[in-house]
Amino acid sequence: MFRLIKTCALAACVAALAVPAIAQTKWNLPAAYPADNPHSVNLIAFAKDVADATGNKLQITVHPAASLFKAPEIKRAVATGQAQAGEVLISLHENEDPMFGIDVIPFLATSYPAAKKLWLASKPAIEKKLASQGLMLLFAVPWGPQGIYAKKDLNTIEDMKGLKWRAYNVGTSRIAELVGAQPVTIQAAELPQALATGVVNAFMTSGSTGYDSKSWETMTHFYDTQAWIPKNVTFVNKAAFDALDKPTQDAIVKAAAVAEERGWKLAEEKAKWYLEQLQANKMKVLPPPPALKSGLEKIGEQLTADWLKKTGADGEAVIAAYKK
């Protein structure tokens with residue numbers, strides 16, 4: 001009898017050891033920006049929210065600073081299942097679909113409320129395109145308004161002629177072309193080195209990227225043109241998402257909604273702070289002179305027309321919804 005009880009107890013122990021307390025799933029989420037950048041901070045908070053909501057059943061590791069994949073490679077890595085989730089500057093992929101570049105049309109949406117309205121107008125089309133690539137959109141978070149960094153006074157667009165201009169998407173390359181500057185493709189993680197070595201001597205980006213790359217070490221001016229408010233989008237591999245149980249899927253969707261709201265709030269709060277930091281480091285932070293502003297607005301009209309030609313009826317529908 002004792003032997004039977006002992007045998008049963010041993011069998012129960014073996015069975016208990018064979019079934020883990022929690023079946024854990026681990027995901028990787030590559031991102032392109034430094035760990036202390038607001039986008040990365042928001043992603044880390046998102047990952048924690050998911051872990052907390054699932055009792056650590058799903059653990060998402062954020063890999064900032066292009067440490068797992070370089071910025072242009074992230075989207076493909078997630079689509080092919082090399083990573084389960086990722087965050088990208090969506091306009092990096094405008095060559096695939098012009099809809100991905102709607103938020104970098106100069107002077108189309110120049111305030112956070114306008115940028116949010118533009119996002120809501122374009123979101124269904126962007127979701128549909130991502131879905132066709134095996135990706136599921138989770139959330140979008142804006143950067144600060146874009147301005148021009150330079151090493152000299154810029155009074156008109158003619159003063160931009162011949163500059164070695166950092167380009168990182170279709171729009172910034174096209175601006176270079178229209179003002180007679182020389183476009184040089186440089187992603188955010190490579191910008192500090194490009195500035196230090198003189199590969200570029202002018203660029204257009206947010207206060208935060210200027211701060212992250214210590215632009216004051218090589219640049220003297222920041223013209224606060226507020227040309228556009230680009231966005232990063234975070235998405236998951238749809239097959240990886242579908243493999244999760246329903247409570248875990250719900251936890252991700254809920255955490256994503258919280259991350260989007262938190263990210264927009266954080267972006268707006270930090271935009272002013274970043275410009276203050278540029279000034280504290282002896283950079284001139286200036287409004288664009290009237291002639292420069294009007295020249296850039298004309299470029300904006302040209303780029304809007306270019307974009308509408310590429311997108312046709314779909315683009316016209318989105319712009320009409322935005323302007324309602």
Side-chain angles (χ1 to χ4, degrees), residues 31-34 37 39 65-66 69-74 87-95 100-101 103-107 142-154 156-232 271 274-275 277-278 281 283-286 288 292-293 295-296 299-300 302-303 306:
Y33 306 95
N37 181 281
H39 286 277
F69 294 99
K70 289 183 178 176
E73 299 165 359
I74 290 172
E87 180 205 52
V88 299
L89 179 74
I90 190 61
S91 61
L92 275 183
H93 300 287
E94 188 178 351
N95 277 327
F100 289 152
D103 62 4
V104 294
I105 300 172
F107 303 102
W143 287 91
Q146 305 290 288
I148 298 174
Y149 291 81
K151 295 171 80 166
K152 63 171 189 173
D153 291 338
L154 299 177
T156 68
I157 58 167
E158 283 72 30
D159 293 333
M160 295 169 70
K161 192 171 183 180
L163 290 174
K164 289 186 279 186
W165 177 263
R166 177 227 175 183
Y168 61 86
N169 58 21
V170 172
T172 47
S173 297
R174 188 87 170 96
I175 289 169
E177 187 186 314
L178 292 170
V179 301
Q182 176 191 334
V184 186
T185 301
I186 303 286
Q187 299 306 326
E190 301 153 359
L191 186 54
Q193 188 182 359
L195 292 174
T197 54
V199 171
V200 295
N201 58 17
F203 58 102
M204 194 170 220
T205 193
S206 62
S208 56
T209 298
Y211 174 82
D212 286 344
S213 56
K214 296 186 178 175
S215 56
W216 52 83
E217 292 180 354
T218 48
M219 301 287 118
T220 53
H221 297 58
F222 176 78
Y223 288 99
D224 190 13
T225 56
Q226 303 205 2
W228 64 83
I229 297 176
K231 291 180 303 294
N232 282 4
Y274 280 121
L275 298 192
Q277 299 316 299
L278 298 182
N281 282 285
M283 280 191 79
K284 294 178 184 175
V285 175
L286 308 159
L292 179 63
K293 190 171 192 295
L296 290 170
I299 287 172
Q302 175 68 56
L303 292 183
D306 289 352

Walk me through whether I74 and L92 qualify under side-chain contact (heavy atoms from CB on, under 4.5 Å). CA-CA 11 Å; I74 290 172; L92 275 183; over 6 Å; no
Between Y223 and L154 (side chain of the first, backbone of the second, donor and acceptor by atom type, cut-off under 3.5 Å), is there such a pair? yes
Restricting to side-chain contact (heavy atoms from CB on, under 4.5 Å), what partner residues turn up for I90, sequence neighbours left out? F100, D103, V233
Measuring from M283:CE to T220:OG1, what's the distance to the nearest 0.5 Å? 6.5 Å
Closest non-hydrogen atom pair between V104 and P230, with its separation: CG1-CB, 4.0 Å
Does K293 have any salt bridge (Lys or Arg N to Asp or Glu O under 4.0 Å) partners at least two apart in sequence or in another chain, and if so, which? E297
Going from OH on Y274 to CH2 on W143, what distance comes out if it is rounded to the nearest 0.5 angstrom? 8.0 Å
If you take all heavy atoms of T225 and G147, which pair is closest and at what distance? OG1-CA, 3.4 Å
NZ of K214 to CE of M219: how many Å apart, nearest 0.5 Å? 15.5 Å
Output for pair (Y211 OH, T205 OG1), nearest 0.5 Å, gives 15.5 Å
Could you tell me which non-hydrogen atom of F203 sits nearest to which non-hydrogen atom of R166, and how far apart they are? CB-CB, 3.4 Å
Just how far is it from atom CG of L296 to atom CE of M204, taken to the nearest 0.5 Å? 5.5 Å
Could you tell me which residues satisfy side-chain hydrogen bond (donor to acceptor under 3.5 Å, both in side chains) with W165, sequence neighbours excluded, listed by chain and number? none
Validation: residues 184-192 side-chain donor-acceptor distances under 3.5 Å, sequence neighbours left out:
residue: E190; atom: OE1; partner: Q187; partner atom: N; Å: 3.2

N201 (side chain) donor-acceptor with K164 (main chain) under 3.5 angstrom: yes
Of the non-hydrogen atoms in H221 and K151, which two are nearest, and what is the gap between them? ND1-C, 4.3 Å
Please identify each residue that fulfils side-chain contact (heavy atoms from CB on, under 4.5 Å) with V170, with sequence neighbours left out. E94, N95, K310
Quick one: CG on L178 to CD1 on I299, what's the gap to the nearest 0.5 Å? 5.5 Å
Only pairs at least two apart or in different chains count here, so list each side-chain hydrogen bond (donor to acceptor under 3.5 Å, both in side chains) that has a residue in residues 167-180. S91-N169, Q146-Y168, N169-T172, R174-E177, R174-D306
Decide side-chain contact (heavy atoms from CB on, under 4.5 Å) for I157 and L292; before the verdict, give the C-alpha distance in whole Å, the side-chain angles of both, and the deciding distance to 0.1 Å. CA-CA 5 Å; I157 58 167; L292 179 63; 4.0 Å; yes
L195 and E217: side-chain contact (heavy atoms from CB on, under 4.5 Å), yes or no, with the steps? CA-CA 9 Å; L195 292 174; E217 292 180 354; over 6 Å; no
What closest approach, in Å, do S206 and Y149 show between heavy atoms, and which atom pair accounts for it? O-OH, 2.9 Å
Testing the basics here: between I229 and P145, what is the closest heavy-atom pair and its distance to 0.1 Å? CG1-CA, 3.9 Å
More than 12 heavy atoms from other groups under 6.0 Å of NZ on K70: no
